[in-house]
*Asks:* 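Dumping the structure here so I can ask a few things about it.
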Amino acid sequence: MIRRMFRFEHRTFLKHSMGLQGYEQPRGLKGCVTMSRLIVNGGRPLHGELQIQGAKNSALPILIATLLCQTPSVLHNCPDLSDVDASCSILKYLGCSVKKNGENIVVNPISADKYDIPDELMREMRSSIVFLGAICAKLGRARISFPGGCELGPRPIDLHLSSLRQLGVVIEEDHGWLNCHTNGRLRGTNIVLSFPSVGATENIMLASVTAKGTTTIVNAAREPEIVDLANFLIKCGAKIKGAGESVITIEGVDKIYGCEYTVIPDRIVAATYMAAAAITGGDLTLKGINVEHLNPVFPAFREAGCIVETSGNMLRISRIGKLYPVKNIRTMPYPGFPTDAQAPVMAMSTLACGTSVFIENIFENRYKHTSELRRLGANIKVEGKVAIVEGVKKLYGAPVEATDLRGGAALVVAALAAEGQTVVTGLRHIDRGYASIERDLQSVGADIHRV
Ligand code: EPZ
């Protein structure tokens, strides 16, 4: 309660001090969370049931998509995260009315008429680049700041920009800003992506649903979050075929209308909690999941010696015997092993009885957690894309710092099995993707609390 009050006061202070009273300051800037830490006393097997939150990476583009509608949308199962707050802040800044009540968000885009996004808001969340296609399609122009690199590496946006240009957006780069305009309605076309980028696929979908004519995306991303975005848009009246496959076809329609929609469950949060169950030798039941979305990670947990059973929208994971190494994890676009699950699964493998090998193929700089895992006693060597983890007998509690979202979650996973106390700082990263990590883990027996 006190933490919540302080968050609010700090945000209000920031809004005034930055002269940004027009919109809600997102939680990513909340200094109190930067200072707060998780205290984990490891060594307790996790037992019990957890309900899995809605998917951040679905909720974000779907929130952006509401901007394109002629009438309000009602979204359910939106996780309570700083990134979701950041999206809502941008929608409000653009002129939408946004009402958030727990995991339900109502967006009324009728009065949205602003076409720029302030730099402070762009920097809050790298995926705000996906606003570009939607704003251009709705208002015929946009001005946003260039999203820089991030904790995962340089993260270029060339595929986003070249695709939008092909749809008819004129883009000028001006000292860190992107000034964009269209000459009337965007025009459908055939776009071939050199890599199945999730964000670029979303940007194209958003820009083309109301374009004139048909757009085809070849080598589109196939992630479940793409399918979720397509399902939302289809419910709003868009004509989209092939989402979840490599070729997506979008037949432009004049208008789309808001709808009521429930966001899919978060497969990466589920995979993180599976890793926590595995490393502690626990027995967890995860409820409200989509089993199909987790198929790419199940082999790793079974190889590690876990029993994974599924039934409807639930799964049970338990480990009684030894923790075995995972021989060869190569991160790939869906349906390959997800890059977002690499760090938590690596944390699990630090205590395995043998050598695990990871090959990170999606992001250049996604091994930052390895140096912090080493502080806990892990034996990890990194050479370019490859990380080799020699399992150790024990991890030992230590102060560690989260420097990115999934890397931070990996530190929590390792801390749950480390002997003694681990203090995790850098929680603003973890809070971007996990709505209630300490509450969830406490409820299944972990000794973890936030101070
Ligand atoms: C999405 O990021 C997710 N973010 C990421 O989740 C996830 O790791 C990633 O997809 C891959 O699955 C959201 O959905 C909000 P990409 P995105 O475009 O869209 C290169 C998490 O932890 N690329 O598929 O930014 C890029 O540099 C996060 O929740 C270009 O070269 O990912 C990267 O190497 C972090 N040019 C690769 O493609 C471009 O124009 C994949 O990026 C775009 C991307």
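Quick note: residue numbers are just sequence positions, from 1. In listed order, ligands and their atoms are each counted from 1. Computed from a prediction, not measured in an experiment: that's the story for all the values here.
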*Asks:* Begin with the C-alpha distance, continue with both residues' side-chain angles, and end with the deciding distance and a verdict on side chain to side chain donor-acceptor pair (under 3.5 Å) for T339 and R366.
*Replies:* CA-CA 8 Å; T339 172; R366 213 165 194 185; 2.8 Å; yes
*Asks:* Could you tell me if E260 and H76 have a donor-acceptor pair between their side chains, going purely by distance under 3.5 Å?
*Replies:* yes
*Asks:* Under a 4.0 Å heavy-atom limit, does L161 contact ligand 1 with its side chain, its backbone, both, or neither?
*Replies:* neither
*Asks:* CD1/I52 to CD1/I289 distance, rounded to the nearest 0.5 angstrom?
*Replies:* 8.0 Å
*Asks:* Answer yes or no: does an N/O atom from D340 fall short of 3.5 Å to an N/O atom of ligand 1?
*Replies:* yes
*Asks:* Considering the heavy atoms of F363, write down every atom of ligand 1 situated less than 4.0 Å from one of them.
*Replies:* 8 (O), 9 (C), 32 (O), 33 (C), 34 (O)
*Asks:* Kindly assign one of parallel, tilted or perpendicular to the pair H293 and Y334, based on the angle between their ring planes and the thresholds 30° and 60°.
*Replies:* perpendicular
*Asks:* Taking distance alone, with N or O pairs closer than 3.5 Å, would you say N57 contacts ligand 1?
*Replies:* yes
*Asks:* Quick one: does V198 get an N or O within less than 3.5 Å of an N or O on ligand 1?
*Replies:* yes
*Asks:* Specify side chain, backbone, both or neither for L159, according to which of its non-hydrogen atoms lie closer than 4.0 Å to ligand 1.
*Replies:* both
*Asks:* Examine ligand 1 and decide if any of its atoms is less than 4.0 Å from a heavy atom belonging to K56.
*Replies:* yes
*Asks:* If I compare all heavy atoms of S73 with all of F232, which pair ends up nearest, and what's the gap?
*Replies:* OG-CZ, 3.6 Å
*Asks:* Is it true that R406 lies under 4.0 Å from ligand 1, counting heavy atoms only?
*Replies:* yes
*Asks:* When you measure from the side chain of N203 to the backbone N and O of G133, does any donor-acceptor pair fall under 3.5 Å?
*Replies:* yes
*Asks:* If we set the cut-off at 4.0 Å for heavy atoms, which region of F195 has an atom near ligand 1: side chain, backbone, both, or neither?
*Replies:* side chain
*Asks:* Do ligand 1 and G199 have nitrogen or oxygen atoms that lie under 3.5 Å from each other?
*Replies:* yes
*Asks:* Test L68 against V209 for side-chain contact (heavy atoms from CB on, under 4.5 Å), laying out the working first.
*Replies:* CA-CA 9 Å; L68 292 169; V209 280; 3.7 Å; yes
*Asks:* Between the side chains of T425 and E401, is a donor N or O closer than 3.5 angstrom to an acceptor N or O?
*Replies:* no
*Asks:* Going through the distances and angles, do S145 and D119 end up as a side chain to side chain donor-acceptor pair (under 3.5 Å)?
*Replies:* CA-CA 6 Å; S145 62; D119 188 46; 2.7 Å; yes
*Asks:* State the atoms of ligand 1, each with its element, that fall below the 4.0 Å cut-off from a heavy-atom position in T339.
*Replies:* 8 (O), 11 (C)
*Asks:* Please work out which of P61, A59, P156, S197 has its closest non-hydrogen atom nearest to atom 39 (C) of ligand 1.
*Replies:* P156
*Asks:* Examine P196 against ligand 1 and note whether any of their N/O atoms are separated by less than 3.5 Å.
*Replies:* no
*Asks:* Measure across T350 and V389 and return the closest heavy-atom pair with its distance rounded to 0.1 Å.
*Replies:* CA-CG1, 3.8 Å
*Asks:* At the 4.0 Å heavy-atom cut-off, does A221 count as touching ligand 1?
*Replies:* no
*Asks:* Kindly confirm or rule out an N or O of S127 lying under 3.5 angstrom from an N or O of ligand 1.
*Replies:* no
*Asks:* Please work out, at 4.0 Å between heavy atoms, whether the side chain, the backbone, both, or neither of R366 comes within that distance of ligand 1.
*Replies:* side chain
